[in-house]
Amino acid sequence: MPRPSSLRRTRRRPLAVLAVAPLALVLAACGSDGGGSGDAVRVTAAAYPFAYAAERIGGTMVDVDNLTSPGVEPHDAELTPRQLGEIRDSDLVVYLDDFQPQVNDAIDQAELDADALLDVADVVDLLDASDDGHTHIEGEEPGHAEEDHDHSATDPHVWLDPKRMAAIADAVADRLAEIDPDNAEAYRENADAFDAELTALDTDFRTGLAQCETRTFVTSHAAFGYLADAYDLEQIAIAGIEPNTEPSTQQLAEIIELVKSEGITTVFTEELTSPRTADTIAREAGVATAVLSPIEGLSDATEDETYLSLMRQNLAALQKASRCS
């Protein structure tokens with residue numbers, strides 16, 4: 001059915017640049033304190049999904065440092081002097097350009113060689129945050145989006161598509177093989193094993209979401225564009241790409257009406273952000289809430305989970321909410 005004209009599209013507010021000055025002095029002072037152990041390849045990952053991929057590919061042959069601490073929303077990550085040193089001393093840094101401003105600033109200041117940097121944006125196609133085909137407002141005329149809408153913004157949550165995650169893992173394997181050719185075969189074998197698990201995960205999502213009563217889901221923030229794009233779903237987001245953006249009163253009212261009119265059973269919340277607005281919508285619409293994880297990082301509640309187990313929990317949550325058979 002047509003969407004109300006002012007319903008929130010996926011949107012992105014400019015990320016606040018966090019202070020990292022004077023980075024050059026901090027990096028110089030850190031020396032080699034952030035390095036790994038022995039002869040292991042030192043990998044620094046900007047966020048949990050990239051760290052998980054590096055750990056799966058590298059095994060015991062790599063030391064992986066995750067720049068985003070457990071329980072911290074990666075958009076808001078602040079780097080310590082030790083972490084700044086880790087970046088400078090890394091054999092490989094896996095990150096996504098413009099996802100985390102402080103990481104970008106630290107990489108710029110570290111002046112690493114190009115072969116020590118793996119920008120995920122060079123590996124997979126990124127979706128526009130507002131025009132991925134699944135989060136738009138049906139019937140909205142081009143040029144009539146909200147004033148703060150940024151058509152150039154991209155969605156960073158690439159790992160929520162298992163096929164894109166596999167492409168990232170393969171790129172990590174290729175780069176590690178170049179850095180450490182003696183173990184190139186082992187990296188490739190690890191990548192093949194991980195790819196097989198991701199292929200199975202993708203198959204389970206495709207079959208598990210093939211027959212559902214509704215293909216629309218409501219979530220706290222617009223983190224699920226890649227998942228929606230991969231599995232023919234439509235995401236209606238309460239907040240934009242940044243989870244701390246707030247919807248207007250009119251947008252809240254329209255989302256509540258949409259939940260009621262389309263028979264949506266669940267409003268999804270997340271582990272690392274406040275559920276307050278989602279809880280309000282669910283209460284007003286008379287529906288349940290459940291967790292749908294963007295897998296941006298682990299928390300106290302998910303410290304024993306992995307990317308794969310959280311993705312399968314997401315699948316189960318979507319199947320239940322969408323009444324899939």
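Computed from heavy atoms alone, side chains included, the values below leave out hydrogens, waters and symmetry copies.
Ring centroids of Phe50 and Trp159 are separated by less than 6.0 Å, placing the two rings close together. Ring to ring, Tyr231 and Tyr226 are not that close: their centroids are 6.0 angstrom or more apart.
Going from atom CG of Asp97 over to atom CD1 of Ile107 covers 8.0 Å, rounded to the nearest 0.5 Å. Note that the OH atom of Tyr52 and the CD1 atom of Ile295 stand 10.0 Å from one another [nearest 0.5 Å]. Here the CD atom belonging to Glu197 is positioned 14.0 Å from the CG atom belonging to Asp202, to the nearest 0.5 angstrom. We find the CD1-CG distance between Ile179 and Asp115 to be 7.0 Å, quoted to the nearest 0.5 Å. Atoms CD1 and CD, from Ile255 and Gln250 in turn, are 11.0 Å apart once rounded to the nearest 0.5 Å. Rounded to the nearest 0.5 angstrom, Phe217 CZ and Thr266 OG1 are separated by 12.0 Å.
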Side chain to side chain contact (heavy atoms under 4.5 Å, CB included) evaluation trace for Asn190 with Phe194: CA-CA 6 Å; Asn190 289 346; Phe194 189 31; over 6 Å; no
Derivation of the side chain to side chain contact (heavy atoms under 4.5 Å, CB included) call for Val287 and Thr265: CA-CA 5 Å; Val287 299; Thr265 66; 5.6 Å; no
Thr44 and Val64: CA distance, side-chain angles, deciding distance, side chain to side chain contact (heavy atoms under 4.5 Å, CB included) verdict: CA-CA 6 Å; Thr44 298; Val64 180; over 6 Å; no
Worked check of side chain to side chain contact (heavy atoms under 4.5 Å, CB included) between Val43 and Asp65: CA-CA 6 Å; Val43 179; Asp65 292 305; over 6 Å; no
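Linking Ile, Leu, Val, Met, Phe, Trp and Tyr residues whenever their side-chain heavy atoms come within less than 4.5 Å places Phe224 and Leu308 in a single cluster. Cluster annotation: Val291 is not connected to Phe205 through the hydrophobic network of ILVMFWY side chains, with a link wherever side-chain heavy atoms come within less than 4.5 Å. If you chain together hydrophobic residues whose side chains sit under 4.5 Å apart, Val72 and Ile87 never meet in one group. Put simply, Leu117 and Leu67 are part of the same group of oily side chains (I, L, V, M, F, W, Y) that touch within less than 4.5 Å, one to the next. Val123 and Phe99 fall within the same hydrophobic cluster, where Ile, Leu, Val, Met, Phe, Trp and Tyr residues are linked whenever their side-chain heavy atoms come under 4.5 Å apart, directly or through other members.
Of the charged side-chain nitrogens involved, none lies within less than 4.0 Å of a carboxylate oxygen, so that Asp89 and Arg42 do not count as a salt-bridged pair. The pair Asp174-Arg188 counts as a salt bridge, with a side-chain nitrogen and a carboxylate oxygen less than 4.0 angstrom apart.
Considering only heavy atoms from C-beta on, Gln235 comes within 4.5 Å of Thr219 through its side chain. The closest side-chain heavy-atom distance from Leu201 to Thr199 is not below 4.5 Å. The shortest distance between side-chain heavy atoms of Val62 and Glu55 does not fall below 4.5 Å. With a 4.5 Å cut-off on side-chain heavy atoms, Ile281 and Leu252 count as touching. The closest side-chain heavy-atom distance from Tyr48 to Thr306 is below 4.5 Å. Arg215 places a side-chain heavy atom less than 4.5 Å from the side chain of Leu209. Side-chain contact between Pro247 and Thr277: present, with at least one pair of heavy atoms (C-beta onward) separated by less than 4.5 Å. Within the 4.5 Å cutoff, the side chain of Gln211 has no heavy atoms near those of the Cys324 side chain.
Residues Ala167 and Val124 approach most closely at CB-CG1, 3.7 Å, considering heavy atoms. Counting all heavy atoms, side chain and backbone alike, Ala116 lies closest to Leu112 at CB-CB, 4.3 Å. Nearest heavy-atom pair across Arg175 and Ala114 is NH1-O, 3.8 Å. Closest approach of Val172 and Ala54 over heavy atoms only: CG1-CA, 4.1 Å. Scanning both residues, Val103 and Ala46, for their nearest heavy atoms gives CG1-CB, 4.1 Å. Here the shortest heavy-atom pairing between Glu284 and Ile256 reads CB-CD1, 3.6 Å.
Checked against side chain to side chain donor-acceptor pair (under 3.5 Å), Asp279 has no partners two or more places apart in sequence or in another chain. Applying the side chain to side chain contact (heavy atoms under 4.5 Å, CB included) rule to Ala278 yields the partners Ser220, Ile238, Val267, Thr269; only residues at least two apart in sequence or on another chain are considered.
Here the side chain of Thr207 pairs a donor or acceptor atom with the backbone of Thr203 at under 3.5 angstrom. At distances below 3.5 Å, not a single donor-acceptor pair connects side-chain atoms of Arg164 with backbone N or O atoms of Leu126. At distances below 3.5 Å, at least one donor-acceptor pair connects side-chain atoms of Gln83 with backbone N or O atoms of Thr80. No side-chain donor-acceptor contact under 3.5 Å links His221 to the backbone of Gly240. With hydrogens and angles disregarded, a donor-acceptor distance shorter than 3.5 Å links the side chain of Ser261 to the backbone of Leu258.
No more than 12 heavy atoms of other residues, nucleotides or ligands sit less than 6.0 Å from atom CD of Glu111. Atom CG of Asp122 sits in a crowded spot, with more than 12 heavy atoms from other residues, nucleotides or ligands closer than 6.0 Å.
At a cut-off of 3.5 Å, with distance as the only test, a side-chain donor of Glu271 or Ser293 sits close to an acceptor on the other residue. For the residue pair Thr68 / Gln100, a side-chain donor-acceptor distance below 3.5 Å is found, with atom types taken as modelled. Side-chain contact, Tyr95 with Asn104: no donor N or O sits under 3.5 Å from an acceptor N or O. Side-chain atoms of Ser309 and Glu305 form a donor-acceptor pair, as typed in the model, at a separation below 3.5 Å.
Screening Val93, Leu96, Asp98 for a side-chain contact (heavy atoms from CB on, under 4.5 Å) involving Asp119 leaves a single residue, Leu96.
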